[in-house]
K.L.:
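Following this message is one structure expressed as structure tokens.
The residues of the chain are indexed from 1 along the displayed sequence.
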Amino acid sequence: MVTTAAVLLAGGTGTRLYPASRSHRPKQFLALGDDDRSLLRRTADRADFVDELFVVTRDSYADRVRDIVPEATVLVEPAGRDTGPALAYAASEVRERHPDAVLLCLPSDHVVGDGFRATAETAVDVAARTDALVTLGIEPDRPATGYGYIQPGTDHGDHYAVDQFREKPDEETAEELLDAGCYWNAGMFVWTPDAFLDVARDGPLESVVDALETGGDVAGAFDEIDSVSVDYAVLERADDVRVVPADFEWDDVGAWDALLRLADEKNATLGDTLAIDASGNVLASDDKHVSVVGVRDLVVAAFDDRVLVVPTDDAQRVREVVAELRADDQF
């Protein structure tokens with residue numbers, strides 16, 4: 001009998017949803033779509049079948065996390081260094097409390113449809129019986145260039161071996177990966193702490209893992225390490241990775257144009273808006289009214305004292321705005 005522990009990642013900022021998402025109000029604390037619960041709260045509710053619930057976040061968000069998910073144990077990472085160090089820290093902390101744990105690691109800022117529990121429980125079973133690192137693979141519905149891909153190998157019945165992880169492709173390569181039966185890498189993982197840390201210590205996370213396992217200077221190790229994703233630091237280096245195909249709808253709501261995929265109307269709207277002779281737009285605001293007339297395929301977002309206008313096809317470029325604002329300490 002194992003302890004199933006969900007680890008929710010809630011330390012990021014979601015820069016491409018600026019100005020709704022900012023340094024003091026990251027994406028996981030927002031309610032998007034037709035659900036008034038925050039994305040973090042929805043993720044916790046989705047994982048309500050686990051034995052233990054943890055949220056790993058940065059110090060400045062910890063109190064807000066405790067308010068939103070009071071039933072969770074909050075793990076405050078020493079510094080924000082992307083998903084690799086965060087999940088190493090979480091694996092060590094959970095193992096100390098529950099040595100028999102299998103970790104279900106989930107981003108806290110995605111939109112997930114019905115059927116998640118069955119897929120997650122299959123992945124937990126695979127991780128427990130194989131001691132492999134397990135990822136959930138989303139069946140693509142379009143040749144997206146904004147996601148990494150998973151190339152499946154040997155069929156094991158309820159899962160596949162992973163042949164290869166593929167980086168975010170250009171459009172032509174995305175079409176080829178779609179035709180080849182590859183899955184999107186959604187950043188949802190399952191493993192035992194031992195299996196994960198054994199691989200992590202032989203890569204960029206070596207100093208962090210050493211500090212965690214020897215009682216060394218963990219904060220110092222975090223300060224010195226470069227930000228690195230768990231995909232690059234661990235999964236792409238592991239000898240045994242499995243993928244469980246996901247039987248649910250999924251979207252990472254990574255940028256404003258994602259809201260169009262979730263909308264049933266001609267325009268995707270949040271807040272008080274009016275659209276006349278307009279379609280394909282994303283209109284979003286907090287306490288302001290936004291009106292558009294005769295426009296197509298625009299994002300118009302007004303939050304706080306900020307307004308963003310960008311073509312939906314260029315929604316990924318919002319990160320360029322954030323980069324400049326950060327350089328001026330205005331994000």
K.L.:
Is a side-chain N or O of W256 found less than 3.5 angstrom from the main chain of L283, in a donor-acceptor match?
P.N.:
no
K.L.:
With no hydrogens and no angle check, do the side chains of S92 and R95 hold a donor and an acceptor under 3.5 Å apart?
P.N.:
no
K.L.:
Which label fits Y89 and F222: parallel for a plane angle under 30°, tilted from 30 to 60°, or perpendicular past 60°?
P.N.:
perpendicular
K.L.:
Testing Y147, F116, Y183 for ring pair (Phe, Tyr, Trp, His ring centres under 6.0 Å) with W250, which one passes?
P.N.:
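In the set Y147, F116, Y183, the residue that makes a ring pair (Phe, Tyr, Trp, His ring centres under 6.0 Å) with W250 is Y147.
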K.L.:
So, does D35 use its side chain to make a donor-acceptor pair with the main chain of R37 at under 3.5 Å?
P.N.:
yes
K.L.:
Just jot down the side-chain hydrogen bond (donor to acceptor under 3.5 Å, both in side chains) partners of E324, sequence neighbours excluded, or say none.
P.N.:
none
K.L.:
Considering only NZ, NE, NH1 and NH2 on the basic side and carboxylate oxygens on the acidic side, decide whether D67 and R64 come within less than 4.0 Å.
P.N.:
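No.
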K.L.:
Could you check whether R201 pairs with E213 (Lys NZ or Arg NE/NH1/NH2 to Asp/Glu carboxylate O, under 4.0 Å)?
P.N.:
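Between E213 and R201 there is a salt bridge, with a charged N closer than 4.0 Å to a carboxylate O.
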K.L.:
May I ask you to decide if Y149's main-chain N or O and R166's side chain share a donor-acceptor pair within less than 3.5 Å?
P.N.:
no
K.L.:
Please indicate whether D239 has more than 12 foreign heavy atoms, meaning atoms of other residues, nucleotides or ligands, lying under 6.0 Å from its CG.
P.N.:
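Counting other residues, nucleotides and ligands, CG of D239 stays at 12 neighbours or fewer.
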K.L.:
Around atom CD of E139, are there more than 12 heavy atoms from other residues, nucleotides or ligands closer than 6.0 Å?
P.N.:
no
K.L.:
Could you identify which residues cluster with I276, counting Ile, Leu, Val, Met, Phe, Trp and Tyr as linked when any side-chain heavy atoms lie under 4.5 Å apart, either directly or through a chain of such contacts?
P.N.:
L274, V293
K.L.:
Answer yes or no: are there more than 12 heavy-atom neighbours, outside D179 itself, under 6.0 Å from its atom CG?
P.N.:
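It does: D179 CG has more than 12 such atoms within range.
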K.L.:
Only counting residues at least two apart or in another chain, list the ones meeting side-chain hydrogen bond (donor to acceptor under 3.5 Å, both in side chains) with D304.
P.N.:
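Counting only residues at least two positions away or on another chain, D304 forms a side-chain hydrogen bond (donor to acceptor under 3.5 Å, both in side chains) with R22, R25.
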K.L.:
Kindly say whether I225 contributes a backbone atom to a donor-acceptor pair with the side chain of R81 at under 3.5 angstrom?
P.N.:
yes
K.L.:
Identify the two heavy atoms, one from K288 and one from A302, that lie closest to each other, and give their separation to 0.1 Å.
P.N.:
CD-CB, 4.0 Å
K.L.:
Would you call L32 and L17 a side-chain contact if the rule is heavy atoms closer than 4.5 Å?
P.N.:
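They are in side-chain contact.
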K.L.:
Taking I68's backbone N and O only, do any of them form a donor-acceptor pair with R41's side chain (distance below 3.5 Å, no angle check)?
P.N.:
yes
K.L.:
Determine whether a donor-acceptor pair (N or O, by modelled atom type, separation under 3.5 Å) exists between the side chain of N281 and the backbone of S279.
P.N.:
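Judged by distance alone, yes, a pair lies under 3.5 Å.
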K.L.:
Any chance you could lay out the side-chain contact (heavy atoms from CB on, under 4.5 Å) test for E320 and V310, step after step, and finish with the verdict?
P.N.:
CA-CA 12 Å; E320 299 174 30; V310 62; over 6 Å; no
K.L.:
Should we say atom CG of D264 is surrounded by more than 12 heavy atoms from elsewhere, each under 6.0 Å from it?
P.N.:
no
K.L.:
Verify the cluster assignment for I150 and V234: are they in a single hydrophobic cluster under the rule of side-chain heavy atoms below 4.5 Å apart?
P.N.:
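Yes; tracing contacts between hydrophobic side chains, which count when under 4.5 Å, links both residues.
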K.L.:
Are side-chain heavy atoms of V253 and L259 found at a separation under 4.5 Å?
P.N.:
yes
K.L.:
With a 4.5 Å limit on heavy-atom distance, are the side chains of R237 and L205 in contact?
P.N.:
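Side chain of R237 against side chain of L205, heavy atoms only: no contact under 4.5 Å found.
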K.L.:
Cluster question for you: counting only ILVMFWY and a side-chain heavy-atom cut-off of under 4.5 Å, with indirect links fine, are L104 and V7 together?
P.N.:
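No, no single cluster joins them.
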K.L.:
Test your reading of the model: is there a side-chain donor-acceptor pair from Q28 to the backbone of G12, 3.5 Å cut-off?
P.N.:
yes
K.L.:
Testing V112, L106, L8 one by one against R46 for a side chain to side chain contact (heavy atoms under 4.5 Å, CB included), which residue passes?
P.N.:
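It is V112; the other options fail the test.
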K.L.:
Could you go through F196 and F189, starting from their C-alpha distance and side-chain angles, then the distance that decides it, and tell me whether this counts as ring pair (Phe, Tyr, Trp, His ring centres under 6.0 Å)?
P.N.:
CA-CA 10 Å; F196 177 78; F189 311 110; 8.7 Å; no
K.L.:
Could you tell me whether D141 and R261 make a salt bridge, using a distance below 4.0 angstrom between a side-chain N and a carboxylate O?
P.N.:
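Salt bridge flag = no for R261 with D141.
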K.L.:
So does A161 get a backbone contact from the side chain of T154, meaning a donor-acceptor N/O pair under 3.5 Å?
P.N.:
no
K.L.:
Using atom types as modelled and distance alone, determine if a side-chain donor or acceptor of T119 lies under 3.5 Å from a backbone N or O of A246.
P.N.:
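No, the answer is negative, given that no donor and acceptor are paired below the 3.5 Å cut-off.
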K.L.:
Using side-chain heavy atoms (C-beta onward) and a distance below 4.5 Å, is P85 in contact with V228?
P.N.:
yes
K.L.:
Between R326 and D329 (salt bridge meaning N to carboxylate O under 4.0 Å), is one present in this structure?
P.N.:
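Salt bridge between R326 and D329, a charged N being under 4.0 Å from a carboxylate O: no.
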K.L.:
Does a sphere of radius 6.0 Å around OH in Y160 hold more than 12 heavy atoms from other residues, nucleotides or ligands, not counting ones at 6.0 Å or beyond?
P.N.:
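No, because the 6.0 Å sphere around OH of Y160 holds 12 heavy atoms or fewer from other groups.
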K.L.:
Could you check whether atom CD of E167 has more than 12 heavy atoms from other residues, nucleotides or ligands sitting under 6.0 Å from it?
P.N.:
no
K.L.:
Output yes when D247 and R117 qualify as a salt bridge under the 4.0 Å nitrogen-oxygen rule, no when they do not.
P.N.:
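Between R117 and D247 there is no salt bridge, as every charged N stays at least 4.0 Å from the carboxylate O atoms.
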K.L.:
Is there a chain of hydrophobic side chains (I, L, V, M, F, W, Y, each step under 4.5 Å between heavy atoms) that links L87 to V241?
P.N.:
yes
K.L.:
Following the transitive rule for hydrophobic clusters with a side-chain heavy-atom cut-off under 4.5 Å over Ile, Leu, Val, Met, Phe, Trp and Tyr, establish whether V230 and I138 coincide in one cluster.
P.N.:
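In one cluster with V230: I138, no.
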K.L.:
Could you check if a side-chain atom of F248 sits within less than 4.5 angstrom of a side-chain atom of L136, using non-hydrogen atoms only?
P.N.:
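SC-SC contact between F248 and L136 confirmed.
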K.L.:
For the CD atom on E236, are there more than 12 heavy atoms of other groups (residues, nucleotides or ligands in this structure) within a distance under 6.0 Å?
P.N.:
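More than 12 heavy atoms, drawn from other residues, nucleotides or ligands, come within 6.0 Å of this atom.
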K.L.:
If only atom types and distance count, is the side chain of N267 paired as donor or acceptor with the main-chain N or O of A278 below 3.5 Å?
P.N.:
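A pair under 3.5 Å: yes.
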